[in-house]
Protein chains: 2
Amino acid sequence: MDRSVDNPDPDASEVDPSETLASHLTDRLVQAIVSGDLSSGEKLSEPELANRFGTSRGPLREALQRLEGMRLVERRPRQGARVAMVGLRELVDLYAVREALEGMACRLAAGSMDADEVRSLRRLLVDHERRPDVQADQGYFQAEVLTDFHFRVVQASGNPELVAMLAGQLYHRVRLYRYRSSQINRRPQRALKEHHQILDAIESHDGELAEILMRRHIHAARLSIEQQLAAEMSR
Amino acid sequence: MDRSVDNPDPDASEVDPSETLASHLTDRLVQAIVSGDLSSGEKLSEPELANRFGTSRGPLREALQRLEGMRLVERRPRQGARVAMVGLRELVDLYAVREALEGMACRLAAGSMDADEVRSLRRLLVDHERRPDVQADQGYFQAEVLTDFHFRVVQASGNPELVAMLAGQLYHRVRLYRYRSSQINRRPQRALKEHHQILDAIESHDGELAEILMRRHIHAARLSIEQQLAAEMSR
DNA sequence: AGCAGCGAATGTGTCGACAATCGGCATTGA
DNA sequence: TCAATGCCGATTGTCGACACATTCGCTGCT
């Protein structure tokens, strides 16, 4: 079915001994899941995955445990693990949480980012503008571009607990939603403009405005998803 | 040192076969950590813990993995696991996140709780009032009482992602802070009164007010912690 | 006396094996 | 023909063992 991870560890020869096998496996599983190699809801057989990645079941189980912690897979006792399913409904809930959390992050970032950091972020946005997919206003990787900016802002909040919550859990789960083709990222150029506005507010240390803009930014995306969900429901 | 979990599984005779050994271990470890049997920053030796709980290292490692997911322990490759340390600084950050998240939860709950649920919650508050420790305005278990109410509100939000984020991560971590004796819960009666006010707003489906009250409620606690932190810093 | 280097012991990461359990299939009975 | 039951293979949960890394304690040197 998929050739990328078929034969026993073709590239595992270059494993970093400083990191443990289980953590390496975790990364590869995350990659496989968000890229769709392991499709949503698919049952994950431990023996199969184990020799697909060329390890024993021990580290694999640890990796699965971590994925469960990220809520990328769901395990049920004596029934094995399945890739978590994130549909439109879950995505709406996720975006509602994002709205609250990233709004807060944005306010904090406005209070603590210095000129250098702002400049660096501005450069990032300019880079994004130049991307061909964005120029065509039909971004395929726009989801990554989006979270790229958002992630930086979140990090700049200076609240490690907040960062852990978003980067360690929520973002992973958002990435699980696979059918991005539609409404959500239909307007990368508009999103990019909003990013600039947000950064403007941050630059002028206007936390209140920055939060409002960020919330509105995410809220718009959420509304778009909700419409899509409503359309799907009535169908 | 501690007698509670010394001899090899005295009470493990009544293990529920429907749940796995690892998950049972997880619960017991959480209990041991938040109760202080395993003190903050303490190194967790796998072999020692394994036969202390009467299992092998396999399930224990899985339990540790889960605890790491909850951010109750920190593991470093080839160096073992330590109980996570949550000091005043982390607690402040945690409360900042709580403010955003529970404020949101409260607004949602106001929109979706029906009369029965409100009644049930009201009963809970009345029960709380009757507790001797609360009556003495010197609540020892006030932290539990507090999260009790908060947890119910969060659940009533109807947003499973939000619930998972708070109940699955943040609350566990908040419970890690051990030195609660001071400012934070010095005024259980006041907190209780605020709970009633919040519930009033929820009852009248005033989401906006409910959110404001909840945020203020948590914000007050956070300020209290911050003062304590400032005092500690200058000391 | 303090510190560097070395060896032992403990501990972590990983593996293979075994038992209990679950899902699917065929058989049997109505 | 359909439903219930028993059986079989496959998978999960758990265990013990081994190799390497890390750490601690000791010895000897400066």
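Just so it is clear, the structure is predicted and the values come from calculations on it, not from any experiment. Sequence lines set the chain letters: A, B, ... in the order given, protein chains first and strands last, and positions in each chain run from 1.
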Visitor: In whole Å, I'd like the distance from the CZ atom of A/R61 to the C1' atom of C/dC15.
Guide: 14 Å
Visitor: Checking B/E117 against B/S120: is there a side-chain donor and acceptor pair closer than 3.5 Å?
Guide: no
Visitor: Rounded to the Å, how far apart are A/L60 CG and C/dC15 P?
Guide: 10 Å
Visitor: Tell me the interatomic distance from B/N51, atom CG, to D/dT14, atom C1', rounded to whole angstroms.
Guide: 16 Å
Visitor: Phosphate oxygens OP1/OP2 of C/dG11: is one of them under 4.0 Å from a side-chain N or O of B/S45?
Guide: yes
Visitor: Given the structure, check if the side chain of B/R57 and the base of C/dG13 hold any donor-acceptor pair shorter than 3.5 Å.
Guide: yes
Visitor: Give the nucleotide from the list D/dG13, C/dG13, D/dC15 with an atom nearest to the side chain of B/T55.
Guide: D/dC15
Visitor: To the nearest angstrom, how far is A/L44 atom CG from D/dT11 atom C1'?
Guide: 13 Å
Visitor: For A/P59 and for B/P47, locate the closest nucleotide of DNA chain C by heavy-atom distance; then report the residue assigned to the nucleotide nearer the 5' terminus.
Guide: B/P47
Visitor: Give the rounded distance in Å between these two atoms: CZ of A/R82 and P of C/dG23.
Guide: 10 Å
Visitor: Report yes if a side-chain nitrogen or oxygen of B/T20 is closer than 4.0 Å to either non-bridging phosphate oxygen (OP1 or OP2) of D/dT14; otherwise report no.
Guide: yes
Visitor: For A/L25, answer base if it contacts any base atom (sugar-phosphate contacts may also be present), sugar-phosphate if it contacts only those atoms, and nothing otherwise; contact means non-hydrogen atoms under 4.0 Å.
Guide: nothing
Visitor: Using the side-chain contact (heavy atoms from CB on, under 4.5 Å) rule, take A/L64 and A/L25 through it: C-alpha gap first, then chi angles, then the decisive distance, then the call.
Guide: CA-CA 9 Å; A/L64 285 182; A/L25 258 186; over 6 Å; no
Visitor: Taking the minimum atom-to-atom distance to the side chain of B/S56, which one of D/dT12, D/dG13, D/dC15 wins?
Guide: D/dC15
Visitor: Please report, rounded to the nearest Å, how far the C1' atom of D/dC24 is from the CD atom of B/Q79.
Guide: 14 Å
Visitor: Nearest whole Å is fine: how far is D/dC20 P from A/L21 CG?
Guide: 15 Å
Visitor: Going by modelled atom types, is there a donor-acceptor pair between the base of C/dG23 and the side chain of A/R78 at under 3.5 Å?
Guide: no
Visitor: Can A/Q65 and A/R75 be counted as having a side-chain donor-acceptor contact under 3.5 angstrom?
Guide: yes
Visitor: Show, in sequence, the C-alpha distance, side-chain angles and deciding distance for A/H128 and A/H195, and conclude whether the ring-ring contact (aromatic ring centres under 6.0 Å, His included) test is met.
Guide: CA-CA 11 Å; A/H128 286 175; A/H195 285 179; 7.4 Å; no
Visitor: List the steps, then state whether side-chain hydrogen bond (donor to acceptor under 3.5 Å, both in side chains) holds for B/S39 with B/E42.
Guide: CA-CA 6 Å; B/S39 53; B/E42 178 176 347; 3.1 Å; yes
Visitor: Look at the side-chain N and O atoms of A/R76 and state whether any lies under 4.0 Å from the OP1 or OP2 oxygen of D/dT11.
Guide: no
Visitor: From CD of A/E19 over to P of D/dA21, roughly how many Å is that when rounded to an integer?
Guide: 16 Å
Visitor: Taking only N and O in the side chain of A/K43, is any of them less than 4.0 Å away from OP1 or OP2 of C/dC22?
Guide: no
